[in-house]
Novice: 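Got a structure for you, written out below as structure tokens; questions coming shortly.
In what follows, every chain begins at residue 1, and chains take the letters A, B, ... in the order their sequences are listed. In this text, all values refer to a predicted model and were calculated from it rather than measured experimentally.
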Amino acid sequence: MKILNLRYDFDWSIPFREPFAGWLITGVKLTFLIAIVTTALSLIAGTILAIMRTSRFKFLNLPARMYVETVRNIPGLFWLLFFYFVFPQMLPFGLTETLNQYTYYSVVAGILGLTIDNSAYVSDIVRTGILSVPRGHIEAAVSTGLNRFQQIRYIILPMAFRTVLPPLGTRMIHNFKNSSLCMAIAAPELTWATQQVESITFRGLEVTLLATGFYIGLSLTLAVLMIRLERWLNIDVTSITQMRT
Amino acid sequence: MEFLIEQLGNWRYYLIGAYPNGPLTGLSMNIILAVLSIVIGLFFGILFGLGRTSCRRYLRYPCGLYVDVIRSTPLLLLLFWFYFFLPVVGARIPLFWCAIISLSVYASAYQAEIVRAGILAVPFGQMEAALSTGMTRYQAVKLVILPQAFKKMLPSFVSFFNSLYKSTSIVYIVGIVDMTRTGVIISQRQPNRIYAAYICMAIGFWISCYLLSIASQMLEKKLGILDYESYKPEICRQDLVLLPIPKPIKRLLITQK
């Protein structure tokens, strides 16, 4: 059976042979680490930025807007390269040396760059959520005697997050896929491992196929989980309203 | 600082490289990649988008599978697939066209989703009315559904073009000399100008993307779609600041309406 004129015979022992297997496993672990840490950090940073952007104070509003406008108009890859190549140079002399000797600095730079990139998008999404909270709820919160922090913590953010859950989930999946960009600064994550195997054995298709399967499988699983979560939350909302009426 | 001014004076190199005497590189490479791939992607995107909204299962499921698979693959891996796999099949194509193909495949999947959303936003009665006037299905889609859907899709297309334009910077990894590669080459050739090169790179991307986003905002305003920047939200009147500040100082800081 020859449908495609393949000039390649697959050797499926390669991904399971040492040291390639070790690299791939480290790659998967690092991909998870980068994705989870950047997601958590950018959620926190994005929420703070969103609260700052909806504030009436110029000195909170303006820096946040400037940050978001700057970051959103520059590609994510630039921030990775910036934190890997330029940022250590900006530090005082002793720190530059220490960072250059630190083996995993590329991972740290990747996390920093991806967080910077992602937090701007997250802040935009959360901001729309905050703006969609009806004014009556905030007035009710004020009249029950909650202070500003309590209003944000107990009234505004829960409602905002519930509204923006679908775009937020899409953004997080996007962020997970973007973690493959860390390969450009030689952070030893999954894409880097596949390229390393390719450049040593010239047999990259098996590992690339595995890596693609990993990314597709995990992204689709995350997407399905997000849909489940949304449905579950919706059911929760309707049941609450039914109880009240 | 003098390095930065020197590099900013070198703007031609960042924009077009040594074009008349050498290959076209720099920011124009990004623009060419983005424009070509969005045009090719639009064609296939409409096909896949129509396929996804089709009522025939043998069309809907393959198109859905394609869109889901491409959307959940990182762009970098798509690029590597076309970069390493096409020679195996026997196609010998230049690096530039590899990048174009992978970017168009990526764009087509995302645009298929936009097209699908646009088509679903057209009321169902339109199709029924078109069919009842005696149009064939093809005519109904071409003359009634798609023109209405396009008006709804246009802002999403512009914002997707913006994001695709930024994504084109990853062709740096496979060695196409675009804006990112230009900046990195300059910073490697002259290590003392590393700040200047990176700042110039960032400024180039920033200006072009900012112009695009302004254009998209103008388009949205013209089409009458609510944009959140000009929309004065009610919550802005309620200050959400965490810092406990005494009221007289607060009055000075807050812009009164």
Novice: For residues 210-228 of chain A, which side-chain N or O atoms pair as donor and acceptor with protein atoms under 3.5 Å away, sequence neighbours left out?
Specialist:
| unit_1 | atom_1 | unit_2 | atom_2 | d |
| --- | --- | --- | --- | --- |
| A:Thr212 | OG1 | A:Thr208 | O | 2.6 |
| A:Thr212 | OG1 | B:Trp81 | NE1 | 2.8 |
| A:Tyr215 | OH | A:Thr191 | OG1 | 3.2 |
| A:Ser219 | OG | A:Tyr215 | O | 2.8 |
| A:Ser219 | OG | B:Ser72 | O | 3.3 |
| A:Thr221 | OG1 | A:Gly217 | O | 2.4 |

Novice: Going by the rule ring pair (Phe, Tyr, Trp, His ring centres under 6.0 Å), which residues pair with B:Phe160 if we only count those two or more places apart in sequence or in a different chain?
Specialist: B:Tyr110
Novice: So A:Gln195 and B:Phe84, side chain to side chain contact (heavy atoms under 4.5 Å, CB included) or not? Walk me through it.
Specialist: CA-CA 10 Å; A:Gln195 286 312 298; B:Phe84 291 117; 3.3 Å; yes
Novice: A:Arg72 and B:Lys166: which non-hydrogen atoms are nearest, and at how many Å?
Specialist: O-NZ, 2.6 Å
Novice: Grab the two heavy atoms, one from B:Ile173 and one from A:Ala184, that are nearest each other, plus how far apart they are.
Specialist: CD1-CB, 3.7 Å
Novice: Enumerate by number any residue of residues 196-204 of chain A whose heavy atoms lie under 4.5 Å from heavy atoms of chain B; in the absence of such residues, state 'none'.
Specialist: A:Glu198
Novice: To the nearest 0.5 Å, what is the distance between CG (B:Leu77) and OG1 (A:Thr194)?
Specialist: 6.0 Å
Novice: Nearest 0.5 angstrom please: A:Leu181 CG to B:Ser169 OG, how far?
Specialist: 7.5 Å
Novice: For B:Tyr172, is it the side chain, the backbone, both, or neither that has a heavy atom closer than 4.5 Å to a heavy atom of chain A?
Specialist: side chain
Novice: Taking all non-hydrogen atoms of both residues into account, name the closest pair between B:Trp206 and A:Glu69 and its distance.
Specialist: NE1-O, 3.2 Å
Novice: For the interface with chain A, which of B:Pro74, B:Ser213, B:Ser187, B:Ala202 has the highest count of heavy-atom pairs at distances below 4.5 Å?
Specialist: B:Pro74
Novice: What residues of residues 194-201 of chain B sit under 4.5 Å from chain A when you count only heavy atoms?
Specialist: B:Ile194, B:Tyr195, B:Tyr198, B:Met201
Novice: Checking B:Ile170 against chain A: side chain, backbone, both or neither under 4.5 Å from a heavy atom?
Specialist: both
Novice: Select, from A:Ser180, A:Pro75, A:Pro134, the one with the greatest count of heavy-atom pairs under 4.5 Å involving chain B.
Specialist: A:Pro75
Novice: Can you tell which part of A:Tyr121 gets under 4.5 Å to a heavy atom of chain B, answering side chain, backbone, both or neither?
Specialist: side chain
Novice: Hey, what do you get for CG (A:Asn178) to CG (B:Leu75), rounding to the nearest 0.5 Å?
Specialist: 9.0 Å
Novice: Let me know if A:Met90 has heavy atoms under 4.5 Å from chain B in its side chain, its backbone, both or neither.
Specialist: both
Novice: Using the rule given for side chain to side chain contact (heavy atoms under 4.5 Å, CB included), can you reason through B:Thr73 versus A:Lys177, listing the C-alpha separation, both sets of side-chain angles and the distance that settles it, and then say yes or no?
Specialist: CA-CA 7 Å; B:Thr73 317; A:Lys177 289 191 293 168; 6.0 Å; no
Novice: Select one option (side chain, backbone, both, neither) describing which atoms of A:Phe85 are under 4.5 Å from chain B's heavy atoms.
Specialist: both
